[in-house]
2 protein chains.
Amino acid sequence: MTSADQHTVAIGLSAAIVSVTEEQPSVLVVRHSESGSDALPFGPFDPLQHRTLESGLRKWVGEQTYLDLGYAEQLYTFGDRGRHEMKSGEGPRIVSVGYLALTRQCGELKAPDTLWRDWYRYFPWEDWRSEKPAVIGDAIAPALKAFIKDAPDEPTAELRRDRMRLCFGLDGLAWDEEKVLERYELLYEAGVVLECARDGRPNAKPTLPFGIGMLFDHRRILATAISRLRGKMKYRPVVFELMPPTFTLLELQRTVEAISGVRLHKQNFRRLVEGQGLVEGTGKVSALSRGRPAELFRFRREVLRERPSPGLRLGARRAG
Amino acid sequence: MTSADQHTVAIGLSAAIVSVTEEQPSVLVVRHSESGSDALPFGPFDPLQHRTLESGLRKWVGEQTYLDLGYAEQLYTFGDRGRHEMKSGEGPRIVSVGYLALTRQCGELKAPDTLWRDWYRYFPWEDWRSEKPAVIGDAIAPALKAFIKDAPDEPTAELRRDRMRLCFGLDGLAWDEEKVLERYELLYEAGVVLECARDGRPNAKPTLPFGIGMLFDHRRILATAISRLRGKMKYRPVVFELMPPTFTLLELQRTVEAISGVRLHKQNFRRLVEGQGLVEGTGKVSALSRGRPAELFRFRREVLRERPSPGLRLGARRAG
DNA sequence: TTATATATACTCTATTTGAGTATATATGTA
DNA sequence: TACATATATACTCAAATAGAGTATATATAA
């Protein structure tokens with residue numbers, strides 16, 4: 001690479017394409033044989049071919065994954081030096097625009113080296129559905145305590161302590177499922193995620209239990225995507241982009257839980273969803289089931305025309 | 001311009017720098033003598049000089065406005081063809097990353113051709129503090145009705161009708177102060193804002209009462225900034241970035257109202273702010289006033305360490 | 001028939017919101 | 001000085017919402 005390359009800015013478009021099946025939120029990843037790590041589908045933005053950033057993304061994703069994106073929204077633009085190269089300092093500067101896309105999982109993937117992967121493989125500390133993830137007590141808390149101890153001065157240590165408490169819900173503080181990005185960034189700064197070593201960070205430690213690493217800054221983009229989706233669900237009916245045309249209320253709830261990573265109160269969830277006019281019954285019932293058959297519902301698209309911002313502001317955690 | 005330019009992508013950084021004084025929200029603009037229109041401070045991103053996008057922005061803004069930015073957050077990256085050129089089709093493709101920055105207004109501006117301008121000059125329909133803005137009934141509703149009538153088919157007309165109702169709170173629908181961008185985009189598509197003519201849109205109409213136009217897509221960035229700030233205020237204590245070290249609760253309320261563009265219920269605002277632990281009394285009282293002197297408060301920075309997402313989720317509109 | 005699993009309806013309380021009233025303390029003026 | 005007026009602050013009250021249940025209905029599996 002010549003130094004002229006370092007003058008250049010290329011715009012990369014990356015997409016976190018999400019779907020949920022069987023109570024498992026998945027993201028579409030491409031296996032990169034050279035580096036061995038997973039990557040989000042990405043490609044360059046071509047100003048000649050593409051009228052908008054989003055249309056560029058759709059085109060690229062279509063070519064690469066044979067998927068037709070439905071819902072897509074821009075997340076954030078990342079341009080930090082040192083967090084994109086394979087090896088620090090090489091190659092032209094890349095500014096990457098991250099997108100979140102939602103899709104119903106449909107049949108086999110036609111693209112090679114492409115697979116749906118449970119997003120909790122990359123963020124094992126984010127799934128609180130069955131219980132508080134063991135990795136938090138076992139690995140994260142000790143690692144962050146070391147990070148605090150390594151602080152150059154007391155104010156810095158104090159700041160790190162606070163971030164740890166607020167991010168991971170320690171000292172009786174509530175777990176905030178939306179802080180996915182903050183948590184990842186804290187772990188990155190603490191030097192314990194795999195990307196740190198690759199980026200040549202000074203305090204990088206050899207670590208294993210902190211989730212699978214990804215190419216470039218793709219794990220950061222994915223963290224941003226999860227944060228955004230967990231938040232947006234509450235005031236926009238985006239979950240329905242992930243549901244089949246008809247579904248039972250429990251299936252809907254399980255999807256919401258899969259995304260948010262927390263369990264909800266069933267009766268109140270039903271009250272909320274029906275009370276908001278988000279769904280309507282079809283009269284038919286679901287076939288396969290153990291107990292009493294559940295009614296099949298469909299999304300009431302009309303809510304979008306009736307109320308300014310309908311969503312599932314999920315409160316009521318836990319309990320039967 | 002050669003066609004080679006059209007292959008190039010340049011990254012521009014633009015900032016909506018906001019401050020509030022005397023119950024008036026202002027944005028820092030640069031008067032461009034050539035085009036005659038206002039612009040946000042903007043400049044190119046240089047990958048060699050700048051480690052991150054944000055540090056690039058801070059550097060640029062410092063040089064251009066002599067201001068030291070405090071709070072800054074990235075808004076969105078715009079890259080649409082045809083919405084950035086002075087004249088359609090000319091010049092290299094520019095992808096612009098918009099930022100929101102907050103600052104206390106401090107003394108005189110040292111930079112030439114730079115001034116603070118009331119943001120409602122650009123969006124006169126957004127200020128509902130005294131009453132529903134007349135421009136909505138007088139100019140916007142008729143213009144949008146024409147836009148609906150011009151629809152090529154009935155489904156399109158129906159869509160436009162719904163957008164009009166939801167955006168501008170017609171038919172008894174509530175006014176949603178956060179939909180600033182949606183409203184601007186609707187007016188843009190309807191061809192009635194000044195930028196449409198400049199961009200050479202087919203349905204552009206000569207119009208006047210729809211706010212001052214801005215250079216490039218800067219008015220779109222500003223709309224995004226206002227939307228974001230109006231929303232963020234509710235779950236993060238960002239208003240305090242705009243307040244002096246001590247202030248009365250009414251001053252705080254007036255600032256929030258200036259930003260959101262709606263009036264709030266005084267007693268409930270006080271209950272909320274104090275109940276959330278966002279402020280603490282100083283014991284001192286404000287000097288200048290008409291009636292009973294008000295206590296001076298200061299922001300309790302500690303809330304950031306105590307609770308996950310403290311903000312002013314303003315409910316209670318209107319009334320004394 | 002019974003145990004079990006799921007669906008759905010309904011209840012009850014605590015908290016939060018929206019909208020007031022009541023009272024305190026200042027200024028300006030008849 | 002007394003009073004009208006303006007602002008600050010305390011307190012009240014009802015409606016709506018949220019959190020956590022209980023109760024009952026309807027299916028399957030043993």
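Proteins get letters first, then strands, A, B, ... in listed order; numbering begins at 1 in each. For clarity, every value in this text was computed on a predicted model and none was experimentally measured.
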Roughly, in whole Å, what's the span from [atom1] in [X] to [atom2] in [N]?
X	N	atom1	atom2	result
A/N268	C/dA9	CG	P	14 Å
B/L272	C/dT17	CG	P	7 Å
B/E274	D/dC11	CD	P	12 Å
A/Q253	C/dT8	CD	P	12 Å
A/H265	C/dC12	NE2	C1'	12 Å
B/R270	D/dC11	CZ	P	12 Å
A/E251	C/dA7	CD	C1'	13 Å
B/L252	D/dT9	CG	P	13 Å

Original post:
Got a sec, which residues hit ring-ring contact (aromatic ring centres under 6.0 Å, His included) with B/Y76, two or more places apart in sequence or on another chain?
Top reply: B/F78
Subject >> Which residues share a ring-ring contact (aromatic ring centres under 6.0 Å, His included) with B/Y120, sequence neighbours left out >> reply: none
**OP:** List for me each residue that meets salt bridge (charged side-chain N to carboxylate O under 4.0 Å, His left out) alongside A/R117, sequence neighbours excluded, and say none if there are none.
**Re:**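 Here the qualifying residues are A/D38.
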Subject >> Basic-acidic side-chain contact under 4.0 Å: A/R163, A/E182 >> reply: no
Original post:
If you look at every strand shown and take non-hydrogen atoms under 4.0 Å, does A/L250 touch a base, only sugar-phosphate, or nothing?
Top reply: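 Touches sugar-phosphate only.
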Subject >> Nearest-nucleotide comparison on DNA chain C, the residue closer to the 5′ end among A/R271 and A/G291 >> reply: A/G291
Original post:
Sequence neighbours excluded, which residues qualify as side chain to side chain contact (heavy atoms under 4.5 Å, CB included) partners of B/E302?
Top reply: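 Counting only residues at least two positions away or on another chain, B/E302 forms a side chain to side chain contact (heavy atoms under 4.5 Å, CB included) with B/E280, B/R300, B/E306.
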**OP:** Can you sort out the partners of B/S19 under side chain to side chain contact (heavy atoms under 4.5 Å, CB included), two or more places apart, ordered by chain and number?
**Re:** B/S26, B/T103, B/Q105, B/W116
Original post:
At under 4.0 Å, does any side-chain N or O of A/R290 touch on OP1 or OP2 of D/dA27?
Top reply: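 For D/dA27, neither OP1 nor OP2 has a side-chain N or O of A/R290 closer than 4.0 Å.
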**OP:** Look at the side-chain N and O atoms of B/K266 and state whether any lies under 4.0 Å from the OP1 or OP2 oxygen of D/dA8.
**Re:**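 Affirmative; the distance criterion is met.
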Original post:
Is a side-chain N or O of B/E126 found less than 3.5 angstrom from the main chain of B/G261, in a donor-acceptor match?
Top reply: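 Judged by distance alone, no pair lies under 3.5 Å.
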Original post:
To the side chain of B/Q267, which of D/dA10, C/dT27, D/dC13 is closest?
Top reply: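 Nearest nucleotide to the side chain: D/dA10.
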**OP:** Would you jot down, in residue-number order, the residues of residues 292-299 of chain A having a non-hydrogen atom under 4.0 Å from DNA chain D?
**Re:**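 Heavy-atom contacts with DNA chain D come from A/R292, A/P293.
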